[in-house]
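Single-structure report; data block below.
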Amino acid sequence: MLKGRNLVTPDDLSVEEIFELMNLAKQIIESPKEYSNACNGKILGTLFFEPSTRTRLSFEAAMLRLGGEIVGFSEGSSSSAAKGESLIDTIRTVGAYVDIIAMRHPKEGSSHLAARYTDVPLINAGDGGHYHPTQTLTDLLTILESKDTLEGLVIGLCGDLKFGRTVHSLIKSMKKFKDNKFILISPQELGIPEYVKAIAFNGNSEDYIEVERLEDVIDQLDILYMTRVQKERFFNEADYVRLKDSYILTPKKMQLAKKDMIVLHPLPRVNEISIEVDSDERAKYFRQVKCGMYARMALIMKLLGVEKC
Ligand code: NCD
């Protein structure tokens with residue numbers, strides 16, 4: 001039963017609950033009109049203390065398409081945080097106005113804290129370099145659409161695996177499904193943090209390998225998950241400049257890949273996928289954008305415990 005719960009980390013959802021959400025999202029894709037009044041009279045609060053295009057707008061579009069309403073802010077500087085209000089007080093206040101909250105914040109652990117101070121369901125829309133569980137629901141729905149399974153896949157994650165919260169969340173979730181293997185492709189300095197490895201792989205090094213060159217492994221992949229180097233989380237501009245173009249996916253590299261490999265990217269893209277790749281039918285990152293809205297529609301419905309009407 002998902003009603004009334006929070007989604008803070010990918011571990012808040014069991015495999016059964018993930019499928020429950022995926023199945024509802026698929027039904028919404030098939031007959032969206034049937035869901036257009038599901039959230040009548042409900043309000044979603046979108047509290048974004050960090051920039052966002054897709055996540056915030058897809059949450060808002062999701063709620064509007066379900067017949068609900070939205071309130072919120074798109075930057076901390078336009079909220080009372082700029083006057084020195086604590087996150088806890090902001091959450092207590094907004095929780096008094098709305099039925100469900102989606103929050104993005106630059107501090108790791110902020111959603112966990114916020115969830116303790118409101119009775120309404122709280123969804124983590126990204127907490128610093130930590131987790132981004134609704135991007136993962138987006139990713140899973142896109143994978144299911146293309147591969148018809150979440151098991152037995154070879155998943156290459158490429159780019160900034162250190163600060164990339166979408167990567168941390170996706171690994172944790174895909175580990176729940178049988179026989180998935182992970183190829184972690186990054187410069188050494190941007191490798192996956194030990195805490196993610198420890199939790200996701202539980203010391204079992206057979207499930208993953210770490211490499212530096214995309215060309216060496218691209219032919220083995222069922223899914224290539226490209227990511228942006230997370231400029232805003234670097235302490236030092238020189239390091240960012242040195243590492244930012246570590247990987248650029250080009251049509252030439254795509255020639256080495258399987259005919260049915262899919263390319264995902266949470267977006268925004270900076271340089272890491274050349275625009276010529278967009279017309280390759282294996283490029284699914286704009287479909288992924290659309291899946292994000294449907295996955296969030298399903299999540300909002302389940303956390304509010306509403307049905308189509
Ligand atoms: C990602 C994020 O915010 O972590 N974007 C998103 O939500 N689609 C990835 C990124 O910013 O690189």
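Worth saying up front: this structure is predicted, and the values here are computed from it rather than measured.
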Do [X] and [Y] belong to the same hydrophobic cluster, where Ile, Leu, Val, Met, Phe, Trp and Tyr are linked whenever their side-chain heavy atoms lie under 4.5 Å apart, directly or via other members?
X	Y	result
Met297	Leu299	yes
Ile18	Tyr294	yes
Tyr247	Ile171	no
Phe163	Val229	yes
Met174	Leu184	yes

Taking all atoms of both residues into account, what is the closest heavy-atom pair of [X] and [Y], and its distance?
X	Y	answer
Gly129	Tyr195	O-OH, 4.0 Å
Leu221	Leu224	CD1-CD1, 3.9 Å
Leu161	His168	O-NE2, 2.8 Å
Lys284	Ser146	CE-OG, 3.7 Å
Leu137	Leu13	CD2-CD1, 3.8 Å
Ile185	Gly156	CD1-CA, 4.2 Å

Notebook entry, point to check: Hey, mind stepping through Val263 and Met261 against side chain to side chain contact (heavy atoms under 4.5 Å, CB included) and telling me if it holds?
Noted result: CA-CA 7 Å; Val263 184; Met261 182 191 82; 3.8 Å; yes
Output the distance between atom [atom1] ([X]) and atom [atom2] ([Y]), rounded to the nearest 0.5 Å.
X	Y	atom1	atom2	value
Ile70	Leu64	CD1	CG	4.5 Å
Met254	Asp280	CE	CG	4.0 Å
Phe177	Phe19	CZ	CZ	4.5 Å
Thr134	Arg54	OG1	CZ	12.5 Å
Thr138	Ile143	OG1	CD1	10.5 Å
Ile199	Lys197	CD1	NZ	13.0 Å

Assess whether a salt bridge exists between [X] and [Y], defined as any Lys/Arg side-chain N lying under 4.0 Å from an Asp/Glu carboxylate O.
X	Y	answer
Lys258	Asp222	yes
Lys181	Asp207	yes
Glu50	Arg165	yes

Is the side chain of [X] donor-acceptor paired with the backbone N or O of [Y] at a distance under 3.5 Å, no angle test?
X	Y	value
Arg65	Pro32	no
Asp179	Glu151	no
Lys178	Lys175	no
Asn236	Ala238	yes
Arg104	Pro51	yes
Thr227	Cys158	yes
Ser110	Lys107	yes
Asp89	Glu85	no
Tyr240	Gln230	no
Gln288	His265	yes

Just checking [X]: does its [atom1] atom have more than 12 heavy atoms from other residues, nucleotides or ligands closer to it than 6.0 angstrom?
X	atom1	value
Glu69	CD	no
Asp260	CG	yes
Phe286	CZ	yes
Lys176	NZ	yes
Asp119	CG	no

Next item on the list: Evaluate side chain to side chain contact (heavy atoms under 4.5 Å, CB included) for Arg269 paired with Asp278, printing each intermediate quantity in order.
Entry: CA-CA 12 Å; Arg269 140 175 76 181; Asp278 296 358; 2.7 Å; yes
Checklist line | Check: Gln27/Asn23 side-chain N/O donor and acceptor closer than 3.5 Å | finding: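 Gln27 vs Asn23: no donor-acceptor pair found between side chains.
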Notebook entry, point to check: Is it the case that Asn124 and Tyr131 place a side-chain donor and acceptor less than 3.5 Å from each other?
Noted result: no
Check: [Y] and [X] side chains under 4.5 Å, non-hydrogen atoms:
X	Y	result
Val120	Asp99	no
Ser80	Thr90	no
Tyr35	Leu24	yes
Pro251	Val277	yes
Cys39	Met63	yes
Leu170	Leu264	no
Val270	Lys231	no
Glu145	Lys26	no

Notebook entry, point to check: Does Arg296 make a cation-pi contact with Phe59 (under 6.0 Å, within 45 degrees of the axis)?
Noted result: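 Geometry flag: set, cation within 6.0 Å and 45°.
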Next item on the list: List the steps, then state whether side chain to side chain contact (heavy atoms under 4.5 Å, CB included) holds for Thr166 with His132.
Entry: CA-CA 5 Å; Thr166 63; His132 191 347; 3.7 Å; yes
Next item on the list: Determine, stepwise, if the pair Leu47 / Ser79 fulfils side chain to side chain contact (heavy atoms under 4.5 Å, CB included).
Entry: CA-CA 9 Å; Leu47 313 190; Ser79 78; over 6 Å; no
Notebook entry, point to check: Yes or no on salt bridge (Lys or Arg N to Asp or Glu O under 4.0 Å) for Arg242 and Glu189, after CA distance, side-chain angles and deciding distance?
Noted result: CA-CA 11 Å; Arg242 184 167 48 79; Glu189 290 155 278; 2.8 Å; yes
